[in-house]
K.L.:
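There's a structure below that I have some questions on.
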2 protein chains.
Amino acid sequence: MIIAAIVKNKQNILYGVCLALLLLLLKWLEWRFVIVDNAFEFYAGSIAVIFTGLGIWLAIKLITPKLKTVIIEKHVPAAANFVLNEAELNRLRLSARELEVLQLMAEGLSNQEIAERLFVSLNTIKTHSSNLFIKMDVERRTQAVEKAKRLSLIP
Amino acid sequence: MIIAAIVKNKQNILYGVCLALLLLLLKWLEWRFVIVDNAFEFYAGSIAVIFTGLGIWLAIKLITPKLKTVIIEKHVPAAANFVLNEAELNRLRLSARELEVLQLMAEGLSNQEIAERLFVSLNTIKTHSSNLFIKMDVERRTQAVEKAKRLSLIP
DNA sequence: TTTCCATTCATACTTTAGGGTGATTTTTAA
DNA sequence: TTAAAAATCACCCTAAAGTATGAATGGAAA
């Protein structure tokens with residue numbers, strides 16, 4: 001907390017230190033002036049103050065503009081980051097076989113083609129798809145595919 | 001170009017300036033020392049050098065940590081940034097009406113529903129869809145939707 | 001062991017989709 | 001202004017999709 005406060009108020013601390021130094025310098029100059037009454041002492045003090053300022057000015061003017069560098073990253077491919085919505089999948093109580101049929105429907109396959117792909121009869125696929133539509137609360141395969149994609153059941 | 005070079009070599013220029021100032025100071029001190037033989041002049045010069053260094057040190061130590069690199073990562077959703085593949089759309093020579101029918105097919109609507117949505121007869125939609133399938137080189141609406149999505153003809 | 005459920009298949013039927021052909025009207029481009 | 005393209009609709013027919021019902025099998029849970 002203390003360190004954080006110091007870091008946060010760096011600028012203010014810098015000003016404080018400068019002010020303290022200046023006051024010290026003036027006090028010292030005043031003492032020298034009074035005791036010794038030497039103009040060279042005042043001259044030296046002035047040089048100290050001016051060159052301290054010069055040093056600070058130089059450092060600030062030539063170093064601080066470094067604060068920049070903004071990198072903007074973006075864009076994610078569509079199909080690459082597909083995550084199956086398991087919650088929705090469980091909620092709809094779709095069986096493994098029904099999901100399989102749904103995936104092949106989404107690829108544009110006909111019932112006959114799905115049947116051949118899965119080595120079962122056309123009637124079996126019809127049964128699966130009918131049960132699928134009831135569970136998904138749709139009436140057509142196109143609706144099922146649309147809803148499945150919307151719910152992230154398929155890519 | 002000159003300004004860019006200056007900006008790029010800020011640090012080097014700073015060192016150069018400091019070195020030049022130091023040399024000038026030494027030369028001046030030497031001159032003062034020889035001509036007037038005054039120890040206070042040398043004292044003033046030393047103060048100038050020391051306080052310049054102090055100023056620079058202060059500024060660097062307390063200000064430079066500001067040069068922070070800020071990285072902003074922008075995450076863009078997949079569906080949000082849909083861009084229609086106009087090249088492919090022109091290549092397939094799909095008419096405006098055909099694309100409209102295709103979009104409604106993708107929403108899972110039946111031909112009858114599409115006809116009602118577009119205030120035309122069922123036969124008209126059948127004609128459009130038939131022409132659409134020929135142009136897209138597919139045989140079923142599900143295939144058409146899959147291909148259209150793959151080719152970014154529809155979101 | 002019995003019940004439940006997923007998977008499989010069948011038959012019969014209805015609805016929707018799709019193919020082919022032809023035609024009319026409107027719009028667009030040459 | 002004329003030809004081409006787009007949009008509209010109709011009819012007929014086939015293929016595919018979807019509904020309903022029933023049933024056999026095998027695995028997992030109660």
Side-chain angles (χ1 to χ4, degrees), chain A residues 84-151 153-154, chain B residues 84-151 153-154:
Chain A
L84 193 143
N85 187 347
E86 288 191 62
E88 197 65 28
L89 190 61
N90 291 330
R91 198 183 67 77
L92 293 176
R93 304 210 164 281
L94 297 188
S95 73
R97 207 55 159 169
E98 285 161 355
L99 183 61
E100 211 167 352
V101 170
L102 178 59
Q103 286 166 340
L104 295 175
M105 274 183 178
E107 291 179 22
L109 274 64
S110 68
N111 285 340
Q112 184 59 57
E113 288 168 337
I114 295 171
E116 286 163 11
R117 188 76 75 88
L118 299 180
F119 304 105
V120 293
S121 79
L122 172 61
N123 286 313
T124 303
I125 299 304
K126 284 190 173 188
T127 305
H128 284 322
S129 62
S130 280
N131 293 332
L132 185 62
F133 298 156
I134 292 168
K135 287 180 181 178
M136 290 187 74
D137 191 29
V138 296
E139 284 154 346
R140 283 174 288 280
R141 64 213 283 103
T142 47
Q143 276 184 2
V145 169
E146 190 277 332
K147 192 165 186 175
K149 279 179 180 279
R150 187 155 41 79
L151 297 178
L153 266 40
I154 52 175
Chain B
L84 193 142
N85 187 348
E86 288 191 61
E88 198 65 28
L89 190 61
N90 292 329
R91 198 183 67 77
L92 293 175
R93 305 211 162 278
L94 298 187
S95 74
R97 206 56 159 170
E98 285 162 354
L99 182 61
E100 210 167 352
V101 170
L102 178 58
Q103 286 166 340
L104 295 175
M105 274 182 179
E107 290 179 23
L109 274 63
S110 67
N111 286 340
Q112 185 60 57
E113 288 168 336
I114 295 171
E116 286 164 10
R117 188 76 75 86
L118 299 179
F119 303 107
V120 293
S121 79
L122 173 61
N123 286 313
T124 303
I125 299 304
K126 284 190 174 187
T127 305
H128 284 321
S129 62
S130 281
N131 293 331
L132 185 62
F133 297 156
I134 292 168
K135 288 181 180 178
M136 290 188 73
D137 191 29
V138 296
E139 284 155 347
R140 284 175 287 279
R141 62 213 286 107
T142 46
Q143 276 183 2
V145 169
E146 190 276 331
K147 192 166 186 175
K149 281 180 179 278
R150 187 153 42 79
L151 297 178
L153 267 40
I154 53 176

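Proteins come first, then strands; the chains are lettered A, B, ... in the order of their sequence lines, and each starts at number 1.
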K.L.:
With a 4.0 Å limit, can you tell me whether A:Ser121 has a side-chain N or O closer than that to the phosphate oxygens OP1/OP2 of C:dA10?
P.N.:
yes

K.L.:
Could you check whether atom CG of A:Asp137 has more than 12 heavy atoms from other residues, nucleotides or ligands sitting under 6.0 Å from it?
P.N.:
no

K.L.:
Picking from C:dG18, C:dT8, D:dA7, which would you name as closest to the side chain of B:Ala96?
P.N.:
D:dA7

K.L.:
How far does CD of A:Glu139 sit from CD of A:Gln143, to the nearest 0.5 angstrom?
P.N.:
6.0 Å

K.L.:
Quickly work out the B:Glu113 CD to C:dA17 P distance and round it to whole Å.
P.N.:
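B:Glu113 atom CD is separated from C:dA17 atom P by 8 Å.
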
K.L.:
Distance check needed: C:dT8 P versus A:Lys126 NZ, whole Å only.
P.N.:
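Roughly 17 Å, once rounded to whole Å.
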
K.L.:
Compare every heavy atom of A:Leu109 with every heavy atom of A:Arg141, then report the nearest pair and how far apart it is.
P.N.:
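Scanning both residues completely, I find the closest heavy atoms to be NH2-O, 3.0 Å.
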
K.L.:
So which nucleotide from C:dT7, C:dC9, D:dA17 ends up closest to the side chain of A:Asn111?
P.N.:
D:dA17

K.L.:
In whole angstroms, how far is the P atom of D:dA7 from the CD1 atom of B:Ile114?
P.N.:
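Taking CD1 of B:Ile114 and P of D:dA7, I get 15 Å after rounding.
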
K.L.:
Give the rounded distance in Å between these two atoms: CD of A:Gln112 and P of C:dG18.
P.N.:
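For the pair A:Gln112 CD and C:dG18 P, the rounded distance is 16 Å.
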
K.L.:
Output the rounded distance in Å from CD1 (A:Ile125) to P (C:dT8).
P.N.:
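To the nearest whole Å, that distance equals 7 Å.
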
K.L.:
Name every residue in residues 100-108 of chain B that has at least one heavy atom under 4.0 Å from any atom of DNA chain D, in order of residue number, or write none if there are no such residues.
P.N.:
none

K.L.:
Ignoring hydrogens and geometry beyond distance, is the side chain of A:Thr127 in donor-acceptor contact with the base of C:dC9 at under 3.5 Å?
P.N.:
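Counting by modelled atom types and ignoring angles, a donor-acceptor contact under 3.5 Å is found here.
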
K.L.:
Atom CG of A:Asn111 and atom CG of A:Leu104: how far apart are they, to the nearest 0.5 Å?
P.N.:
10.5 Å

K.L.:
Whole angstroms only, please: what is the CZ-P distance between B:Arg93 and C:dA29?
P.N.:
12 Å

K.L.:
Report the residue (B:His128 or B:Arg140) whose heavy-atom-nearest nucleotide on DNA chain D is the more 5′ of the two.
P.N.:
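The residue closer to the strand's 5' end, by nearest nucleotide, is B:His128.
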
K.L.:
Counting only side-chain N and O atoms of B:Ser95, is one of them less than 4.0 Å from OP1 or OP2 of D:dA6?
P.N.:
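Negative; the distance criterion is not met.
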
K.L.:
CG of A:Leu122 to CD1 of A:Ile114: how many Å apart, nearest 0.5 Å?
P.N.:
9.5 Å

K.L.:
Could you tell me how far apart A:Leu132 (CG) and C:dT8 (P) are, to the nearest whole angstrom?
P.N.:
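Atom-to-atom, A:Leu132 to C:dT8, this comes out as 14 Å.
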
K.L.:
Counting only side-chain nitrogens and oxygens, does B:Arg141 get under 4.0 Å of the OP1 or OP2 atom of C:dA17?
P.N.:
yes

K.L.:
Here's a test of your reading of the structure: between B:Asn123 and B:Glu98, which maps to the more 5' nucleotide of DNA chain D?
P.N.:
B:Glu98

K.L.:
Give A:Ser130 one of three labels, base, sugar-phosphate or nothing, depending on what nucleic acid heavy atoms sit under 4.0 Å from its own.
P.N.:
base

K.L.:
Any Lys/Arg nitrogen of B:Arg117 or B:Glu113 sitting under 4.0 Å from an Asp/Glu carboxylate oxygen of the other?
P.N.:
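Result for this pair is no, no salt bridge flagged.
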
K.L.:
Side chain of B:Val120 only, please: which of D:dC9, D:dG18, C:dC9 is the nearest?
P.N.:
D:dC9

K.L.:
What is the distance from CZ of A:Phe133 to P of D:dT19, rounded to the nearest Å?
P.N.:
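Taking CZ of A:Phe133 and P of D:dT19, I get 7 Å after rounding.
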
